[in-house]
Amino acid sequence: MRFELRIGPLDLGQTLGCGQTFRWRLQHDGAWRGPLGDQMVMLRKSRAGVEVEAFPGRRGIGDAVAQHLRAGDDVGAIQRALSKDPVLAPGIRSMRGLRIVKTDEWECLVSFMLATYANIPRISKMIETISARFGERITDETNAFPSIACLRKVPEEELRRCGLGYRARYVHAVCEALDETDLARMKRLGPEELRRELKSLPGVGDKVADCVSLFGFGRLEAFPIDVWMERAFWRLYGQKGSYEKLRRFAADRFGPYAGYAQEYLYFNERRYASAGMCAFSQE
DNA sequence: GCCCAGGAGTGTG
DNA sequence: CACACTCATGGG
C-alpha cells in the first residue's frame, strides 16, 4: 500500500532520528523505515508532506501514521508562540522540521525505562533484541514490539540475557504491575496524576515519567530533564537546582508546549557539545 | 583501556 | 532538602 500524507512542517531526520523513538532507521535511499504497531512503514519526504509505503498495508495504517506524526498539530503556531522567548528563538529556526511524535504508551514506557544510563545506540539495540525474541513477526527482519502479556511470560533472567542489565528487573516488575486496562485508564488522567502514577512504577523516576507523558501519552506540556537539559538551563538561563525547581521554571516559561521547547533545547545542546557551536543567543 | 550514557533506588547527613 | 553510592553493560 502506498499513499501520500499531507503534513508540514516535517523533517524526518529531526523527528525520527534520535531520542524520541528508537526503531526508525534511515535507509541508503533516504527513506525512513520502521515498525508501526504490527506493520512496517517507509516514509519518504514529498513536496506536500510524506509519501508512505506500508506492509502489509492493512486498513487504518493511514490514520496510524498521521497519529504517530501528530499531523493535526499546528507546529508553526507552536514555534511562533515559543519564539517569543528570545533565548529559544534562534534555536527553533534550525529545527523547523522537528515534530514531537506520538508513540505507543507501552512501548514508550519500556523504551525509556531501558534508556536509563544508556546511550541511544544501545537503547535501540536492547529494544530490537526484545522485539526479535518476544514480539510478533512482521517481516523476515522485523518484529513488532512485544505486548505486556507477551513480555510478562518472560523470566527476568531471560530479559537480562537480552543485554538489559539491571533494567531487566524493572521491566519484569512493571509487566506484573500493569495491564492494558491500566494504560487505558491512565490516558484519561490529568498531567500531574499521570505523572504520579507513572512514577509509582519500579524503574520510573521523574525523567522517565516525563518522557512517557510527552511521547507515549502525548502530553505536550511535559518537560523531561536530563543531563543535556541541565547543561542547557545553566548555560542559557543560569538555572540549576532540583528536578522540581527546573520543571517549574520550564512550565512557567514555556507553558502548554514545554515539550517542544525541551526538544529544541535538547537537540541544540547536543549540537553545541559536538560542534562547539551555539544557535542560541547567550543570556 | 577509558569514559560516559536522554537515571533510578536507596541510604545518609 | 542535598549528596553519595550502586546498579550492569556496551558504544564511541
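Because the structure is a prediction, the values reported are computed rather than measured. Lettering of chains follows the sequences in order, A, B, ..., and the numbering in each one begins at 1.
- The listed nucleotides are C:dT9, C:dC7, B:dA5; the one nearest the side chain of A:Arg122 is C:dT9.
- For B:dA5, the OP1/OP2 oxygens have a side-chain nitrogen or oxygen of A:Arg231 closer than 4.0 Å.
- A:Leu114 comes within 4.0 angstrom of nothing in the nucleic acid, heavy atoms only.
- Backbone-only engagement by A:Arg160 is indicated by non-hydrogen atom pairs under 4.0 Å involving sugar-phosphate atoms exclusively.
- Counting to the nearest Å, the P atom of B:dG7 and the CG atom of A:Asp210 are 13 Å from each other.
- Taking only distance into account, the side chain of A:Tyr166 meets the base of B:dG7 through a donor-acceptor pair shorter than 3.5 Å.
- Summarising the geometry, the separation between CG on A:Leu159 and P on C:dC7 is reported as 20 Å, rounded to the nearest angstrom.
- Going from atom CD of A:Glu244 over to atom P of B:dA8 covers 14 Å, rounded to whole Å.
- The distance between atom CZ of A:Arg161 and atom C1' of C:dG10, rounded to the nearest whole Å, is 19 Å.
- Of all heavy-atom pairs between A:Leu178 and A:Ile148, the closest is O-CG2, 3.5 Å.
- Remark: P of C:dC3 and OH of A:Tyr243 are 18 Å apart, rounded to the nearest angstrom.
- For the residue pair A:Thr116/A:Tyr166, the side-chain donor-acceptor check at 3.5 Å is satisfied.
- Taking atom CG on A:Asn119 and atom C1' on C:dT9, their separation rounds to 10 Å, with Å as the unit.
- Between A:Lys125 and C:dG11, a side-chain N or O to OP1/OP2 separation shorter than 4.0 Å is present.
- Between A:Trp228 and A:Glu269 the shortest heavy-atom distance is O-CG, 3.4 Å.
- If you check the side chains of A:Ser111 and A:Arg23, you find no donor sitting under 3.5 Å from an acceptor.
- Within the nucleic acid shown, A:Gly163 has no heavy atom closer than 4.0 Å to any nucleic acid atom.
- For the pair A:Phe215 and A:Leu201, both in contact range of DNA chain B, the more 5′-proximal nearest nucleotide belongs to A:Phe215.
- A:Phe112 comes within contact range of no nucleotide atom at all, as no heavy-atom separation falls under 4.0 Å.
- Between A:Pro121 and A:Tyr117, the residue anchored closer to the 5' end of DNA chain C is A:Tyr117, taking for each the nucleotide with the nearest heavy atom.
- Put simply, CD on A:Glu230 is 10 Å from P on B:dG7, counting in whole angstrom units.
- Distance CZ (A:Arg167) to C1' (C:dC7): 9 Å, rounded to an integer number of Å.
- Distance from the side chain of A:Lys207 is smallest for B:dG7 among the nucleotides C:dG11, C:dA2, B:dG7.
- A:Asp85 and A:Tyr264 are not linked by any side-chain donor-acceptor pair at a separation below 3.5 angstrom, with hydrogens and angles left out of the test.
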